Amino acid sequence: MMNIEREKIGALGELLATPKKIVIVGHTNPDGDAIGSSLALAEVLRSRGHEVLCALPNNYPYYLRWIPCSGDLVIYRNDEEHRTDAAIEKADIIVCADMNALTRADALGEAVAKNTTAKRVLIDHHLQPSEGFDVAFSYPESSSTAFLMYTIIVALFGKEAITATVATQLYVGIMTDTGNFAFSNLTPELFECVAALSATGIDIPTIYNNVYNSFTEGRAKLFGYAIHRKMKTLLGGRVAYMSLTEEEMRRFWFQQGDNEGFVNYPLTIKKMKMSAMFTAQTGFIRVSLRSRGDVDVDTFARRYFNGGGHKNAAGGKSFVSMEETIAHYIKAVKEYHEEGNV
Ligand code: 5GP
Ligand code: MN
């Protein structure tokens, strides 16, 4: 049950009482939830007379490019006209969506940190929100930021604000962050929200197909390769890991987002408790972690990979070679196991 304090809604309502210049910021490697919740808020605020710019640190996967209004997203890394910097400088309000700290937005977060006059609003469901927000909606019990965003939009503007466009954007966030309604925190209130989204006439099977059945042939082959050739197990088959080097990714015509979700697959094995995916990026290795039940990968990611996230889905970064990263992981798993955590 998500109980949003009325004072917070009141405080945000007050900030939005007159037309404002607003920048909405999402996290690096934006996912369906970051994009869906940001675009939905932008749509609602624009229709109420606010000037809104939605910015992301880097580009998002090709299979999310159909989302209504996604063409309005400004990618900070490619923003040669410096539209984002100009908007941040002039902003009355900066909203951070689907991230618990500005550091999750890398250079874009640094640009936001320089503006000391705008009011800062946090709308997020990750653990351990950072300080420094004027209004913070931090609800780790929410299965997605999109569901939290729905609750906030309805509290501020009523259900009429949920148009079919907004509903489509929010549904993408809810569907992707719950693994199409398979993960934790599937509350009656979430399904009431989905009922309201569905009532706007959105096409749920099409949304599903647009996201989950829209990959390239290369992605299907890379997935097969990763599972067949790269999945290794530890602790008698209860912990798994996979890795992809730049060369392997090139071999399968890798496009950004192609490895999304791979890390979940080892958890289809009944006795599997924890899974890791190491993906080479320029200058570092991206670490993705997933777990089942009591195994806490948020703590694991904080302790061993400078990251965090949720109890059963977290991530981080490694700045050593792939071999060293894997050796570090194996050692960390052993330590975690000896402490009774996995
Ligand atoms: P994914 O594995 O899908 O990249 O991320 C899973 C979860 O961990 C997401 O909720 C994401 O926000 C969080 N996460 C991923 N990478 C990082 C990171 O480098 N730092 C922190 N704090 N969280 C991360
Ligand atoms: Mn999310």
Side-chain angles (χ1 to χ4, degrees), residues 2 24-41 56-58 60-61 64 96-106 108-109 122-130 137-151 169-180 183-185 190 211 226 240-244 256-267 274-281 283-291 296-319 325 329:
M2 194 168 38
I24 304 174
V25 175
H27 59 78
T28 298
N29 293 330
D31 58 6
D33 193 30
I35 295 173
S37 55
S38 297
L39 287 175
L41 180 64
L56 298 169
N58 64 337
Y60 55 95
L64 297 176
C96 293
D98 198 37
M99 56 199 225
N100 59 352
L102 283 177
T103 50
R104 291 282 293 122
D106 297 308
L108 175 57
L122 177 76
I123 302 181
D124 181 50
H125 70 138
H126 292 93
L127 295 161
Q128 301 196 17
S130 69
F137 295 92
S138 168
Y139 295 88
E141 68 270 35
S142 180
S143 50
S144 61
T145 296
F147 173 46
L148 173 60
M149 196 65 87
Y150 169 85
T151 313
Q169 294 158 337
L170 292 175
Y171 191 85
V172 172
I174 292 169
M175 177 183 77
T176 53
D177 260 33
T178 62
N180 200 32
F183 303 153
S184 53
N185 298 327
L190 173 69
V211 175
Y241 66 91
M242 287 180 276
S243 61
L244 289 173
Q256 195 198 339
D258 272 352
N259 59 333
E260 231 49 52
F262 286 13
V263 65
N264 294 307
Y265 203 79
L267 288 169
M274 178 170 154
S275 166
M277 174 88 212
F278 305 107
T279 315
Q281 311 266 100
F284 67 97
I285 290 166
R286 179 175 161 206
V287 181
S288 270
L289 297 155
R290 298 292 184 272
S291 65
D296 177 357
V297 285
D298 170 63
T299 304
F300 186 91
R302 281 175 201 284
R303 231 208 231 172
Y304 301 108
F305 289 104
N306 258 306
H310 313 278
K311 187 176 173 195
N312 296 132
K317 285 177 179 170
S318 169
F319 296 94
T325 302
Y329 175 73

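Nothing here was measured: the structure is a model prediction, and the numbers come from that model. One-based numbering, in listed order, for ligands and for the atoms of each.
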Q | Proximity of Met277 to ligand 1 by residue part, where a heavy atom lies under 4.0 Å | A |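 Under 4.0 Å from ligand 1, Met277 contributes no heavy atoms.
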Would you say the side-chain atoms of [X] and [Y] include a donor-acceptor pair closer than 3.5 Å?
X: His27; Y: Asp98; answer: yes
X: Ser318; Y: Thr325; answer: yes
X: Asn259; Y: Thr279; answer: yes
X: Thr28; Y: Asp106; answer: yes

Q: Flag Val287 as yes when one of its N or O atoms lies below 3.5 Å from any N or O atom of ligand 1, and as no otherwise.
A: no
Q: Ignoring angles and geometry beyond distance, decide whether Leu289 reaches within less than 3.5 Å of ligand 1 through its nitrogen or oxygen atoms.
A: no
In terms of ring plane angle, is the pair [X] and [Y] parallel, tilted or perpendicular, where the classes change at 30° and 60°?
X: His310; Y: His125; result: tilted
X: Phe300; Y: Tyr329; result: perpendicular
X: Phe319; Y: Phe284; result: tilted
X: Tyr150; Y: Phe147; result: parallel

N, O or S atom of [X] closer to the Mn ion (ligand 2) than 2.8 Å:
X: Asp177; value: yes
X: Asp31; value: no
X: His125; value: yes

Q. Thinking salt bridges, do Glu260 and Arg286 make one under a 4.0 Å N-O criterion?
A.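 So Glu260 pairs with Arg286 through a salt bridge.
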Q | Arg286 touching ligand 1 at heavy-atom level, < 4.0 angstrom | A |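 Arg286: in contact with ligand 1 (<4.0 Å).
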Q: Please state whether Arg290 comes within less than 4.0 angstrom of ligand 1, counting heavy atoms only.
A: yes
Q. Can you tell which of Val172, Asp31, Asp177, Leu170 makes a side-chain contact (heavy atoms from CB on, under 4.5 Å) with Ser144?
A. Asp177
How far is [atom] from its nearest protein heavy atom, and which residue and atom is that?
atom: atom 7 (C) of ligand 1; result: Ala313 O, 3.5 Å
atom: atom 15 (C) of ligand 1; result: Gly315 CA, 3.4 Å
atom: atom 9 (C) of ligand 1; result: His126 NE2, 3.8 Å
atom: atom 13 (C) of ligand 1; result: Gly308 O, 3.5 Å
atom: atom 11 (C) of ligand 1; result: Arg104 NH2, 3.4 Å
atom: atom 19 (O) of ligand 1; result: Gly316 CA, 3.4 Å
atom: atom 2 (O) of ligand 1; result: Ser288 OG, 2.5 Å

**Q.** Nearest to the Mn ion (ligand 2) - the N/O/S atom of Asp98, by atom name
**A.**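 For Asp98, the N, O or S atom at the smallest distance from the Mn ion (ligand 2) is OD1.
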Q. So which of the N, O or S atoms of Asp33 lies nearest the Mn ion (ligand 2)?
A. OD2
Q.
I'd like to check which ligand 1 atoms, numbered from 1 as shown, lie under 4.0 Å from a non-hydrogen atom of His310.
A. 10 (O)
**Q.** Any donor-acceptor pair under 3.5 Å from His126 side chain to Gly309 backbone
**A.**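 The answer is no, because no donor-acceptor pair under 3.5 Å joins these two groups.
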